[in-house]
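Below is one structure, written out as structure tokens; comments come after it.
Both ligands and their constituent atoms are indexed starting at 1 by order of listing. Position 1 is the first residue of the sequence, and the numbers go up from there.
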Amino acid sequence: MEITKRNKFVEFLKNYWMYVCVGVTILTIAIIIGVVAGSQNAIQTGNTNLEFSLPMNDATIVKDYSSTHLQENPSLNQWEAHLSIDFASENSDVFAVLDGSVTSVSYDILNGHVVEITHENGFVSKYCSLAENPLVKEGDKVTAGQKIGSASNSSNSEADLGNHLHFTLYLNENPVDPNNYLDLQNK
Ligand SMILES: [Zn+2]
């Protein structure tokens, strides 16, 4: 019984070894392509195909994202990590970076007027230091590129920066570096 089985298997290999080799090769290549494409996607967009708009036009980065080195904050007289990007521009319009819905519009003395928008795939964008009376209210649906307010100096914790937008992007509730998602090279 054993011998017959083995013979059949050997016979099968003899007849079809080329097909088996080709099959294994194709499968290996497919797995490699899948893994490489998957990891690249994960780095760029958190494993989504979302296209981010810029939160301001023709903006300069006045303070960049930094999670590992501390930056001086003259307004609070302290050194701190800055898990956000500060933008300033002649044109103070501020835009939603993705489609989504407004989950909070608030004010506090440190952050000024703040709009928070919740998007697909675990992303939340937060716009601080906006001017009074943002153009959206809680529950509003917004589209990428829609104007939601204007940059101002309402954030007392960054008063030294003047009129600016303090922009934070969260993925699954953790701040992430917006440089990895926004196309800031072509702004
Ligand atoms: Zn800031």
Side-chain angles (χ1 to χ4, degrees), residues 43-46 48 50-119 121-138 140 142-187:
I43 291 164
Q44 285 168 2
T45 65
T48 70
L50 300 175
E51 273 218 18
F52 289 76
S53 303
L54 293 180
M56 291 186 85
N57 283 335
D58 305 317
T60 311
I61 292 176
V62 288
K63 195 192 270 188
D64 208 346
Y65 177 96
S66 62
S67 58
T68 50
H69 75 275
L70 303 181
Q71 300 191 63
E72 189 176 11
N73 181 328
S75 298
L76 297 179
N77 194 23
Q78 66 183 21
W79 289 78
E80 59 190 17
H82 190 247
L83 304 179
S84 309
I85 294 182
D86 293 327
F87 295 99
S89 173
E90 292 272 299
N91 182 341
S92 63
D93 293 352
V94 172
F95 310 101
V97 295
L98 288 172
D99 295 354
S101 45
V102 177
T103 34
S104 149
V105 177
S106 61
Y107 172 81
D108 69 88
I109 192 146
L110 285 178
N111 296 304
H113 294 277
V114 179
V115 169
E116 183 193 274
I117 303 175
T118 299
H119 313 281
N121 300 88
F123 284 102
V124 169
S125 57
K126 198 169 167 186
Y127 311 76
C128 298
S129 198
L130 296 175
E132 253 184 296
N133 301 320
L135 302 176
V136 290
K137 57 182 193 312
E138 207 175 309
D140 282 358
V142 295
T143 53
Q146 181 179 331
K147 185 178 173 184
I148 57 166
S150 302
S152 83
N153 58 357
S154 68
S155 149
N156 279 289
S157 63
E158 291 184 332
D160 58 291
L161 297 176
N163 290 344
H164 76 288
L165 165 70
H166 175 94
F167 175 78
T168 315
L169 186 65
Y170 299 86
L171 177 57
N172 301 326
E173 295 176 13
N174 296 309
V176 288
D177 187 349
N179 287 291
N180 294 337
Y181 300 91
L182 304 179
D183 188 10
L184 295 174
Q185 307 311 314
N186 299 315
K187 66 181 187 302

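In summary, the side chains of Thr103 and Glu116 do present a donor paired with an acceptor at a separation below 3.5 Å, with no hydrogens or angles considered.
Each side chain to side chain donor-acceptor pair (under 3.5 Å) pair with one or both residues in residues 128-137, not counting sequence neighbours, appears once here: Lys137-Asp140.
Not a single side chain to side chain donor-acceptor pair (under 3.5 Å) links Asn153 to another residue, sequence neighbours left out. Applying the ring-ring contact (aromatic ring centres under 6.0 Å, His included) test to His166 and every residue at least two apart in sequence or in another chain returns His82.
Judged purely by atom type and a 3.5 angstrom limit, Asn73 uses its side chain to pair as donor or acceptor with the backbone of Ser157.
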**Study point:** side chain to side chain contact (heavy atoms under 4.5 Å, CB included) assessment of Tyr181 paired with Leu171
**Key:** CA-CA 11 Å; Tyr181 300 91; Leu171 177 57; 3.9 Å; yes

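Ordered by chain and number, His82 NE2, Asp86 OD1, Asp86 OD2, Glu158 OE1, Glu158 OE2, His166 ND1 make up the set of protein N, O or S atoms under 2.8 Å of the Zn ion (ligand 1).
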